[in-house]
Amino acid sequence: MDGREELAVRFEAERGRLGAVARRMLGSTAEAEDAVQEAWLRLERVDAAELENLPGWLTTVVSRICLDVLRGRRTEPVVVEEAVDGPEAEAELVEEVGRAMLVVLDRLGPAERVAFVLHDGFAVPFEQIGPIVGRNAVAAKKLASRARQRVRGTGEATGGDAAGSARREVVEAFLAAARGGDLDALLAVLAPEVVRRADPAALPAGRPVLLRGAGAVARETRVIGRRARFAVPVLVDGELCAAIAPDGRLRLLLRFEVADGRVAGFEVVADPARLAALELSLPGRDAS
């Protein structure tokens, strides 16, 4: 086996781990595969004999590539993008990482996300993370800590106290009924005088931005509620909401008013500027 073949073998031994790092950083299987392939191309251009720690070098290179991709996203206009991955790749990514986690990670700044993923996800020391994000080890630790606080949030304990648990049960019952298009289940979870408000961008042309009554709201939800299969509970300002994220990136947010064990009202937020301003975190019991 010559030197190039040996290098290829050593790289392939690292490919799975590098792909996992990149998928968590980018939230996209396709982009992650591109990042890993770019790392291989860069490896071919260096003298591998001089690399004392090939796994560490590859982790650094993949992380820097991902950081550049994330920073590039921040310079683009806020638009509703099409999913990069196909349905099968998306399903695998959601299974691996969790849809709620993908949504919350997508809200982090590029350096925060890289530092958090590397340290909390893959136990990379801050001494190695610092140079990747252009900070010293202490600053890199602060980045990861800030990201961790944003991911975990400081909102209500949705699984611990009775009120939070009851609210979550109502929200999840609504989402389950919407996913299944179950009219009877929707009517059961909606208050008789429920009010649905929505940004125009969330609705088909001609639909009213305000709709009243369990019957009307249930019928509409049954028709346009297919997007509910991409919904996961998240916290927004300590309030349990539902994020609609078909590719791990927030497209719609449902904010609920719950009273007497039913949904008394909900708002569908779709305006990109409003979505971009939201601070999301994971509920006390992570949902995927």
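Quick caveat, the model's predicted, so the values are computed rather than measured.
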What pairs with [X] under side-chain contact (heavy atoms from CB on, under 4.5 Å), at least two apart in sequence or on another chain?
X: V61; value: A39, R42, W57, I65
X: V170; value: V189, V258, V263
X: R274; value: D199, E267, V269, D271

Contact check, side chains of [X] and [Y], non-hydrogen atoms, under 4.5 Å:
X: L51; Y: L43; answer: yes
X: R73; Y: R249; answer: yes
X: T59; Y: Q128; answer: yes
X: F230; Y: L252; answer: no
X: P233; Y: L240; answer: yes
X: H119; Y: P125; answer: no
X: L70; Y: L108; answer: no

When clusters are formed by joining ILVMFWY residues with side-chain heavy atoms under 4.5 Å apart, either directly or through shared neighbours, do L210 and L203 land in the same one?
no
Same cluster (ILVMFWY, side-chain, under 4.5 Å), F256 and L211:
yes
Walk me through whether M25 and L118 qualify under side-chain contact (heavy atoms from CB on, under 4.5 Å).
CA-CA 9 Å; M25 287 186 181; L118 286 176; 3.4 Å; yes
How many angstroms lie between atom [atom1] of [X] and atom [atom2] of [Y], to the nearest 0.5 angstrom?
X: E257; Y: E239; atom1: CD; atom2: CD; value: 9.5 Å
X: S145; Y: E112; atom1: OG; atom2: CD; value: 10.0 Å
X: L253; Y: C241; atom1: CG; atom2: SG; value: 5.0 Å
X: R99; Y: D247; atom1: CZ; atom2: CG; value: 8.5 Å

How would you list, by chain and number, every residue that makes a side chain to side chain donor-acceptor pair (under 3.5 Å) with R15, sequence neighbours excluded?
E12
Tell me, with the steps shown, if S281 and R107 meet side-chain hydrogen bond (donor to acceptor under 3.5 Å, both in side chains).
CA-CA 9 Å; S281 61; R107 315 299 289 182; over 6 Å; no
Exercise: identify the closest heavy-atom pair between [X] and [Y]:
X: A214; Y: L190; value: O-CD1, 3.9 Å
X: L93; Y: S28; value: CD2-N, 3.7 Å
X: I129; Y: A140; value: CG2-CB, 4.0 Å
X: R17; Y: P55; value: NH2-O, 3.2 Å
X: S63; Y: I132; value: CB-CG2, 3.7 Å
X: A111; Y: L67; value: N-CD1, 3.8 Å

Not counting sequence neighbours, which residues clear ring-ring contact (aromatic ring centres under 6.0 Å, His included) with F116? List them please.
none
Please identify each residue that fulfils ring-ring contact (aromatic ring centres under 6.0 Å, His included) with F11, with sequence neighbours left out.
W40
Pairs in or reaching into [range]: which pass salt bridge (charged side-chain N to carboxylate O under 4.0 Å, His left out), with residues at least two apart or in two chains?
range: residues 120-143; answer: D120-R148
range: residues 179-193; answer: none
range: residues 200-211; answer: R207-E220

Answer yes or no: does atom CG of D260 have more than 12 heavy-atom neighbours from other residues, nucleotides or ligands under 6.0 Å?
no
Taking [X] for the side chain and [Y] for the main chain, is one N or O donor matched with an acceptor at less than 3.5 Å?
X: R196; Y: F266; result: no
X: N136; Y: V138; result: yes
X: R197; Y: V209; result: no

In the hydrophobic cluster built from side-chain contacts under 4.5 Å, what are the other members alongside L187?
L183
Do NZ/NE/NH1/NH2 and the carboxylate oxygens of R10 and E14 come within less than 4.0 Å?
no
With E96, which residues qualify under salt bridge (charged side-chain N to carboxylate O under 4.0 Å, His left out), at least two apart?
R23, R24
Not counting sequence neighbours, which residues clear salt bridge (charged side-chain N to carboxylate O under 4.0 Å, His left out) with E33? List them please.
none
Exactly one of L280, L102, D106, I244 should register a side chain to side chain contact (heavy atoms under 4.5 Å, CB included) with L250. Which one does?
L280
